Amino acid sequence: MKKVHKTLTAIVAFTLAAAMAASLAGCGGAAQDYTFEAEKAELSAACMVETGPEYTAEGSGPEATQVGYFTTAGETITFKINASKACSATLTLRASSACGQWADPMVFEEVDMSKGECAKLTVNGTECKLEGVLPGLEAPMDWEVVSSYYKNYGTATAKIDLKAGENVIVLTAQGYAGGGINVDKITINAASELTWTETDNSDRVPQQ
């Protein structure tokens, strides 16, 4: 009888451990990437949509659209994303340093996103720490390619918790004296179906 009791205890313990491991792993099922472009999010007053070539070591690269003018404290980029079920997930921010000095050569600071000096991330009102460094750059003042310097992208990641239903994900500019960041997109890796309604920001183009 004792042997049967021990066997049952072991089975229960194994089942609980497996359930806990599944819970910690996320919401069950295979995770996949969902991408949400910043220019289709809800933008606060000063943010603008910019399109132009990305920067590469060889010069200008493929065309990219991003949200710029994201520097003044309190400016926000808001993603309202619906999740089919509650889930732990990984968010990856793709952005570039806008901490540049207009000189020859032009110099852009690295941006350590973990410091929260340029922008902070919240999910449903809870701050989530971003980890990663957006690359710096030193390049000659060349009017033909200078706009690409502001699209020298890097990434930063954060662990987030999503709830079933609408999740409000907000990037908030911190008013860093050296400048800010330009935001290309966020990608969320989650084992939950994610959807959203895009915002039409076609009128948010800076005047030339």
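For clarity, every value in this text was computed on a predicted model and none was experimentally measured. Index from 1, following the sequence.
- The one candidate from Asp184, Leu171, Leu134 that meets the side-chain contact (heavy atoms from CB on, under 4.5 Å) condition with Leu93 is Leu171.
- Both Leu130 and Leu162 are members of a single hydrophobic cluster when ILVMFWY side chains are connected at heavy-atom separations under 4.5 Å.
- Residues Phe36 and Val67 are members of one and the same hydrophobic cluster, defined by side-chain heavy-atom contacts under 4.5 angstrom among Ile, Leu, Val, Met, Phe, Trp and Tyr.
- The distance between the ring centers of Phe108 and Tyr150 falls below 6.0 angstrom.
- Between the side chains of Thr90 and Thr157, no donor N or O sits under 3.5 Å from an acceptor N or O.
- Annotation for Met141 and Asp104: closest pair N-OD1, 3.0 Å, computed over non-hydrogen atoms.
- Closest heavy-atom contact between Lys129 and Ala158: O-CB, 3.3 Å.
- Using a distance-only test at 3.5 Å, with no hydrogens or angles considered, no donor-acceptor pair links the side chain of Thr76 to the main chain of Thr78.
- Val133 and Phe70 fall into different hydrophobic clusters, where Ile, Leu, Val, Met, Phe, Trp and Tyr residues are linked whenever their side-chain heavy atoms come under 4.5 Å apart, directly or through other members.
- Under a cut-off of 6.0 angstrom, the local environment of CD in Glu193 is sparse, with at most 12 non-hydrogen atoms contributed by other residues, nucleotides or ligands.
- Thr126 and Asn124 share no side-chain donor-acceptor pair at under 3.5 Å.
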In residues 172-181, what donor-acceptor pairs under 3.5 Å come from side-chain atoms, sequence neighbours left out?
from   : atom 1 : to     : atom 2 : distance (Å)
Gln174 : NE2    : Thr172 : O      : 3.0
Tyr176 : OH     : Glu109 : OE1    : 3.0

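- Taking both residues in full, the closest heavy atoms of Phe79 and Glu37 are given as CE2-O, 4.0 Å, listed atom of the first, atom of the second, then distance.
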